[in-house]
Amino acid sequence: METSPEGKLSGFGTTIFTVMSQLAADHDAINLAQGFPDFDGPEALRARVDHHLNHGHNQYAPLAGVSELREQIAHKVANLYQYSADPETDITVTPGATEAIYCALTAVVHRGDEVIVIDPAYDTYVPGILLNGGVPKRIPMSGADFSIDWARVEDAVTPRTRVLMINSPHNPGGRCLDDHDITALRDLLGRHPLLVISDEVYEHIVFDQRQHLSLLRYPDLAARAFVISSFGKTYHVTGWRIGYCVAPPDLTREFRRVHQFINFSTNTPISHALADFMRDSPGFHLELAGFYQQKRDLFCSLLEGSGFRLTPAQGTYFQLAEYSHISDLPDTEFARELTIRHGVAAIPVSVFYERPPDMRVVRFCFAKEDETLRTAAGRISGL
């Protein structure tokens with residue numbers, strides 16, 4: 001007799017990013033769905049990987065990560081956010097930000113604990129909560145501007161609430177936390193003993209002279225937060241799968257207890273290469289906002305006069321497009337039609353929600369060569 005075990009995530013299908021990327025490949029469409037660049041990272045960085053591959057750095061890295069890289073991360077957060085992080089006790093390098101998010105959840109969420117998630121939310125959050133026996137409580141953002149309704153967040157807090165997850169710059173909404181949000185968050189934590197997991201992987205991709213308000217800027221918030229970032233997003237090397245978590249020593253200890261039994265260590269030659277590049281090119285991340293703002297502005301200008309309605313993203317390398325003037329199809333169907341009939345793949349925004357609102361919106365990735373963006377826009381600008 002055959003048995004079919006019921007898996008812990010049996011209610012979840014294949015991630016939308018895999019689905020739309022495969023559909024794009026099947027129909028020779030331009031993939032503006034999954035969030036990755038179609039250009040390489042810096043040549044000098046790639047050269048350092050080659051160097052370390054051929055100079056004996058091919059065995060396990062320490063549990064916390066290569067020490068030189070942790071030191072460079074400490075320098076960066078000190079310069080950017082005036083946060084003093086001890087590389088030995090506060091910083092852990094991980095195989096991607098997704099693993100860091102999962103480790104943070106696993107470290108502090110016990111069975112029955114509630115975790116507040118702001119909807120729309122990146123699709124890795126809720127599965128991580130459920131795998132740890134937690135209870136996700138999803139609070140929708142307010143309206144088309146993707147602002148956080150802090151009154152609703154507070155109303156959702158109960159004695160079982162353990163963690164609040166936030167994401168800024170926000171994927172998919174493209175919104176950045178502002179001073180009002182920080183004040184509201186500080187007030188909330190002043191009244192409730194919550195921990196925060198702060199997904200800041202797009203920290204350097206903020207536009208129109210905005211300042212990224214990392215939780216590391218605020219000692220009271222940093223004391224209760226796992227702050228997670230990504231080298232893949234910053235250096236255009238998403239396939240390297242390398243990120244890091246900054247947290248106070250008590251949280252880092254619990255984080256590392258989990259990390260050691262999932263991956264233990266992170267790619268050694270790439271870690272050394274990143275440390276070298278951060279040391280030798282300390283201003284690279286400071287140029288990222290201007291680099292991607294040019295691409296955002298180009299993509300938005302190319303779709304002016306089309307049936308799409310775009311409000312320029314405040315951050316990330318994603319641009320939302322409202323299409324109700326083009327079609328009445330639900331966004332999942334519209335995204336398929338856009339890919340199959342018009343040769344451009346996008347992500348339907350409804351998949352990021354527990355209960356999608358009545359909206360007709362898709363998400364495009366503009367982390368592409370300018371010519372790629374021009375070609376894609378040429379295919380859909382007449383809609």
Side-chain angles (χ1 to χ4, degrees), residues 41-42 44-81 83-108 124 128 132 195 197-201 203 214-216 222-223 225-235 237-282 284-285:
L45 173 58
R46 290 181 280 122
R48 295 312 295 169
V49 176
D50 183 69
H51 171 83
H52 288 290
L53 279 170
N54 291 288
H55 286 80
H57 288 142
N58 295 296
Q59 308 309 323
Y60 294 124
L63 167 65
V66 167
S67 61
E68 292 87 348
L69 181 54
R70 286 182 281 126
E71 289 168 4
Q72 290 301 320
I73 294 168
H75 289 318
K76 189 185 87 164
V77 299
N79 291 333
L80 285 177
Y81 309 129
Y83 182 79
S84 180
D86 186 327
E88 294 301 317
T89 61
D90 300 356
I91 299 171
T92 309
V93 181
T94 61
T98 296
E99 196 241 21
I101 291 167
Y102 185 78
C103 286
L105 285 167
T106 305
V108 297
T124 193
N132 285 288
L195 298 173
I197 297 175
S198 186
D199 177 353
E200 302 183 15
V201 299
E203 62 178 321
S214 173
L215 297 201
L216 296 177
F226 299 92
V227 176
I228 293 164
S229 194
S230 164
F231 292 113
K233 304 297 189 298
T234 301
Y235 296 115
V237 287
T238 60
W240 289 9
R241 306 302 297 148
I242 185 166
Y244 61 89
C245 177
V246 180
D250 56 339
L251 295 182
T252 294
R253 278 194 298 272
E254 298 307 316
F255 181 97
R256 290 179 182 175
R257 289 186 209 276
V258 176
H259 171 59
Q260 69 182 331
F261 295 118
I262 295 178
N263 265 92
F264 183 81
S265 65
T266 305
N267 188 293
T268 303
I270 287 178
S271 294
H272 281 285
L274 285 165
D276 291 350
F277 189 77
M278 292 177 76
R279 180 196 64 220
D280 298 338
S281 302
F284 182 90
H285 58 271

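From a predicted model like this one, the values you see are computed outputs, not experimental measurements. Residue indices begin at 1 and follow the sequence shown.
Taking the side chain to side chain contact (heavy atoms under 4.5 Å, CB included) definition, one finds that Asn54 meets it with Asp50, sequence neighbours left out. Remark: Arg46 pairs with no residue by the side chain to side chain donor-acceptor pair (under 3.5 Å) rule, at least two apart or across chains. For Val237, the side chain to side chain contact (heavy atoms under 4.5 Å, CB included) partners two or more places apart in sequence, or in a different chain, are Tyr235, Trp240. Remark: Ser198 engages Glu200 in a side chain to side chain donor-acceptor pair (under 3.5 Å) (not counting sequence neighbours). Looking at residues two or more places apart in sequence or on another chain, you find a salt bridge (Lys or Arg N to Asp or Glu O under 4.0 Å) between Glu203 and Lys76. Residues that satisfy the side chain to side chain contact (heavy atoms under 4.5 Å, CB included) test with Ala222, not counting sequence neighbours, are Tyr83, Leu216. Applying the salt bridge (Lys or Arg N to Asp or Glu O under 4.0 Å) rule to Glu68 yields no partners; only residues at least two apart in sequence or on another chain are considered. The side chain to side chain donor-acceptor pair (under 3.5 Å) search around Thr92 returns Arg256, not counting sequence neighbours. Listed by chain and residue number, nothing satisfies the side chain to side chain donor-acceptor pair (under 3.5 Å) test with Arg253 (two or more places apart in sequence, or in another chain).
Ile197 contributes atom CD1, which lies 11.5 Å from atom CG of Leu215 (distance to the nearest 0.5 angstrom). Atoms NE2 and CG, on His285 and Asn79 in that order, are 7.5 Å from each other to the nearest 0.5 Å. If you take CZ on Phe226 and CG on Leu251, they are separated by 4.0 Å, rounding to the nearest 0.5 Å. With rounding to the nearest 0.5 Å, the separation of CG in Asp250 from OG1 in Thr89 is 10.0 Å.
Evaluation of the ring-ring contact (aromatic ring centres under 6.0 Å, His included) test over residues 241-269, restricted to residues two or more places apart or in two chains, returns Phe231-Tyr244. Listed by first and then second residue, the side-chain hydrogen bond (donor to acceptor under 3.5 Å, both in side chains) pairs involving residues 267-277 are Arg48-Asp276, His52-Asp276, Asp276-Arg279 (not counting sequence neighbours). Note on residues 85-107: pairs passing salt bridge (Lys or Arg N to Asp or Glu O under 4.0 Å), not counting sequence neighbours, are Arg70-Glu88.
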Carefully, step by step, assess Thr94 and Cys103 under the rule side-chain contact (heavy atoms from CB on, under 4.5 Å). CA-CA 9 Å; Thr94 61; Cys103 286; 5.7 Å; no
Apply side-chain contact (heavy atoms from CB on, under 4.5 Å) to residues Leu274 and Val93 and explain how you reach the verdict. CA-CA 11 Å; Leu274 285 165; Val93 181; over 6 Å; no
Can you list the steps and then say if Tyr102 with Asn132 is a side-chain contact (heavy atoms from CB on, under 4.5 Å)? CA-CA 9 Å; Tyr102 185 78; Asn132 285 288; 3.7 Å; yes
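For Val66 against Ala61, the heavy-atom pair with the smallest separation is CG2-CB, 4.0 Å. The two atoms that bring Ala97 and Val201 nearest to each other are CB-CG1, 3.5 Å, heavy atoms only.
Exactly one residue among Val77, Val246, Leu80, Val227 makes a side chain to side chain contact (heavy atoms under 4.5 Å, CB included) with Ser214. That residue is Val227.
In this structure, the side chains of Met278 and Leu69 come closer than 4.5 Å at one or more pairs of heavy atoms. Looking only at side-chain heavy atoms (C-beta outward), Pro87 and Ile73 stay at 4.5 Å or farther from each other.
Between the side chain of Ser281 and the backbone N or O of Phe284 there is no donor-acceptor pair closer than 3.5 Å.
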